[in-house]
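Taking it in order: structure first as C-alpha cells, then the write-up.
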2 protein chains.
Amino acid sequence: MRSTAEARRVTVLNTAVSVFARAGFHATPVTAVAASAGISEAYVFRLFSGKLGLFVAAAGACFDRIAAAIEAGAERAGGDSPAEILEAMGDAYAKLIADRDLLLFQVQAQAVTDIPEVAEAVRAGYRRIATFVQDRAGASDAQVQQFFAYGQLCHLIVTAGLDQIPEPWARALTTGIRHP
Amino acid sequence: MRSTAEARRVTVLNTAVSVFARAGFHATPVTAVAASAGISEAYVFRLFSGKLGLFVAAAGACFDRIAAAIEAGAERAGGDSPAEILEAMGDAYAKLIADRDLLLFQVQAQAVTDIPEVAEAVRAGYRRIATFVQDRAGASDAQVQQFFAYGQLCHLIVTAGLDQIPEPWARALTTGIRHP
DNA sequence: GACGTGTGTGAGTGCACACTCACAAACAAA
DNA sequence: TTTGTTTGTGAGTGTGCACTCACACACGTC
C-alpha cells in the first residue's frame with residue numbers, strides 16, 4: 001500500500017483547489033486534477049463521487065483553509081476592539097490569498113451556484129466565516145458587511161487584473177486594498 | 001429578407017446575456033442561445049466569430065446596458081453632492097439588476113477571465129463605468145471604491161441566495177442593500 | 001503458499017458539443 | 001426572367017471528456 005485513501009483524498013483536494021481555480025468547474029477536466037496530483041483519472045473517480053463530488057469537497061477544503069487563517073489571524077490582533085480584530089483578520093486573509101488560488105476558487109464556485117450542491121457548499125463556507133468574524137470580533141452588522149464587501153472587491157481586482165492597470169479609475173478601486 | 005443581420009445580432013446578444021448568465025460560458029452550448037433566440041445554431045456561428053466572439057460581444061452589450069442605466073440614474077439625482085449622485089446611481093443599478101441576468105452575467109464573465117479576450121472585455125466594461133461614476137459624481141477615490149465594493153457584495157448575495165436565509169449572519173451581510 | 005483487502009490503472013464507451021458546408025429561399029437590380 | 005446578394009438551415013464531422021470495468025500490484029494474516 002503506497003498510501004491510505006484518506007491521505008490521498010487530502011492531497012487530491014488541495015491540488016483540486018489550485019487546478020479548478022484557473023479555469024473553473026466546467027472547463028477543467030478531471031484528467032487535469034489527476035495529472036496534477038500524480039494519480040490516474042480512474043482513481044480520482046474512485047476517491048470521490050463524480051466530478052461534482054470532487055468540486056464540492058474542494059470547496060469545503062478551500063473554506064477550511066480560509067477559516068483557519070482568519071481564526072489564526074484574530075489571535076494576533078493588536079488589541080481587543082472590533083476594528084483592531086477585523087484589521088488583523090483582514091491582514092491574515094490578504095496574506096493567505098497572495099497565491100490567488102483560494103480567491104480564484106471562490107470566484108469559480110460562485111459562478112456555478114446554479115448547481116444546488118455547490119450553492120449549499122458556498123453558503124456553508126460563508127456561514128462559517130461570517131459567524132466567526134461576527135462572534136470573535138464582536139463587530140456590528142455594518143462592520144461585518146463592510147469586511148465582506150471589500151473582500152468581494154478583491155475578487156474583481158484580481159480577476160480583472162486591476163492592480164496591473166496604471167489608469168486613475170483602476171487606482172481608485174485598488175488603493176488601500178492589502179496587497180493581492 | 002426576414003431581417004437584417006445587424007438587427008439579428010442585437011436580439012441574439014440580448015438573449016445571449018440571459019442564457020449565459022444562468023450556467024456560464026463553458027456550460028452553455030451555442031445551441032441554447034440559438035434556440036432561445038429562435039434561430040439555428042449555424043446562423044449564430046455566421047453572425048459571430050465562434051462561441052468566444054459571441055460571449056465577448058454579449059459582455060459588451062451587458063456593460064452597455066449597465067452604463068446606460070447608471071447614466072440615466074445620475075440625471076435623476078436629488079442634489080449635486082457626490083453622495084447624492086452616487087445614491088441615485090446605486091438605486092438605478094439596483095433596479096436594473098432586479099431581473100438578475102446582468103448581475104449573473106458579470107459573475108460568469110469574471111469567472112472566465114483566464115481567457116484574455118474576456119478579461120479585456122471585463123476591464124473595458126469596468127473602465128467605462130468607473131470613469132463615468134468618478135467624473136459624473138465628482139466622488140473621491142474612497143467613495144468610488146466603496147460604491148464598487150458594495151456592488152460586488154451584491155454578486156455574493158445573489159449567487160449564494162443570502163437574501164433567502166433568515167440566519168443572523170446572512171442578515172448582517174444583506175441589510176441595507178437595495179433590493180436584489 | 002494461499003487468500004482476503006485495499007490501492008491503483010489502461011483501455012475502453014458513449015455522448016455532448018463546437019464548428020463546417022452544401023444548399024435553399026427571399027429579395028433587389030437589370 | 002435572369003443574375004447576384006443576403007438571410008437562413010439540416011445534416012453532418014471530429015474531438016474532448018465524464019464515467020466504467022476488468023484487471024494488476026502491494027500488503028497483511030493464517
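- Rounded to whole Å, atom C1' of C:dT9 lies 12 Å from atom CG of A:Leu47.
- Taking five base pairs at each end of the helix from C:dT7-D:dA24 to C:dA30-D:dT1 and finding the rotation axis that steps the C1' atoms of four pairs onto the next four gives two axes whose angle is 10°, to the nearest 10°.
- Judged as a salt bridge (Lys or Arg N to Asp or Glu O under 4.0 Å), the pairs with a partner in residues 122-133 of chain B (not counting sequence neighbours) are, in order, A:Glu167-B:Arg127, B:Asp64-B:Arg128, B:Glu120-B:Arg123, B:Glu120-B:Arg127.
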For residues 110-119 of chain B, which side-chain N or O atoms pair as donor and acceptor with protein atoms under 3.5 Å away, sequence neighbours left out?
unit_1, atom_1, unit_2, atom_2, d
B:Gln110, NE2, B:Tyr126, OH, 3.4
B:Gln110, NE2, B:Gln152, OE1, 3.4
B:Thr113, OG1, A:Thr159, O, 3.2
B:Thr113, OG1, B:Gln110, O, 2.9

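- The stretch residues 39-52 of chain B participates, sequence neighbours left out, in no salt bridge (Lys or Arg N to Asp or Glu O under 4.0 Å) pair at all.
- At whole-Å resolution of the value, CD1 in A:Ile39 and C1' in C:dG6 are 15 Å apart.
- Within the structure, side-chain hydrogen bond (donor to acceptor under 3.5 Å, both in side chains) pairs that include any residue of residues 16-40 of chain B comprise B:Ser18-B:Asp101, B:Arg22-B:Asp101 (at least two apart or interchain).
- Side-chain atoms of A:Gln134 never come within 3.5 Å of backbone atoms of A:Thr131 as a donor-acceptor pair (strictly under, hydrogens ignored).
- Look at OH on A:Tyr43: it is 8 Å from P on C:dT9, rounded to the nearest Å.
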Could you list, one pair per line, each protein nitrogen or oxygen that sits under 3.5 Å from a nitrogen or oxygen of nucleotides 14-21 of chain C, together with the distance?
unit_1, atom_1, unit_2, atom_2, d
C:dA18, OP1, B:Lys51, NZ, 2.7
C:dA18, OP2, B:Val30, N, 3.0
C:dC19, OP2, B:Lys51, N, 3.0
C:dC19, N4, B:Glu41, OE1, 3.2
C:dC19, N4, B:Glu41, OE2, 3.4

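- A side-chain hydrogen bond (donor to acceptor under 3.5 Å, both in side chains) check over residues 67-86 of chain B, counting only residues at least two apart or in different chains, returns the pairs B:Glu75-B:Arg136, B:Ser81-B:Glu84.
- Legend: residues meeting ring-ring contact (aromatic ring centres under 6.0 Å, His included) with A:Phe20, ordered by chain and number and at least two apart, are A:Phe55.
- To the nearest angstrom, C1' of C:dT7 lies 11 Å from CZ of A:Arg9.
- Remark: B:Gln145 pairs with no residue by the side-chain hydrogen bond (donor to acceptor under 3.5 Å, both in side chains) rule, at least two apart or across chains.
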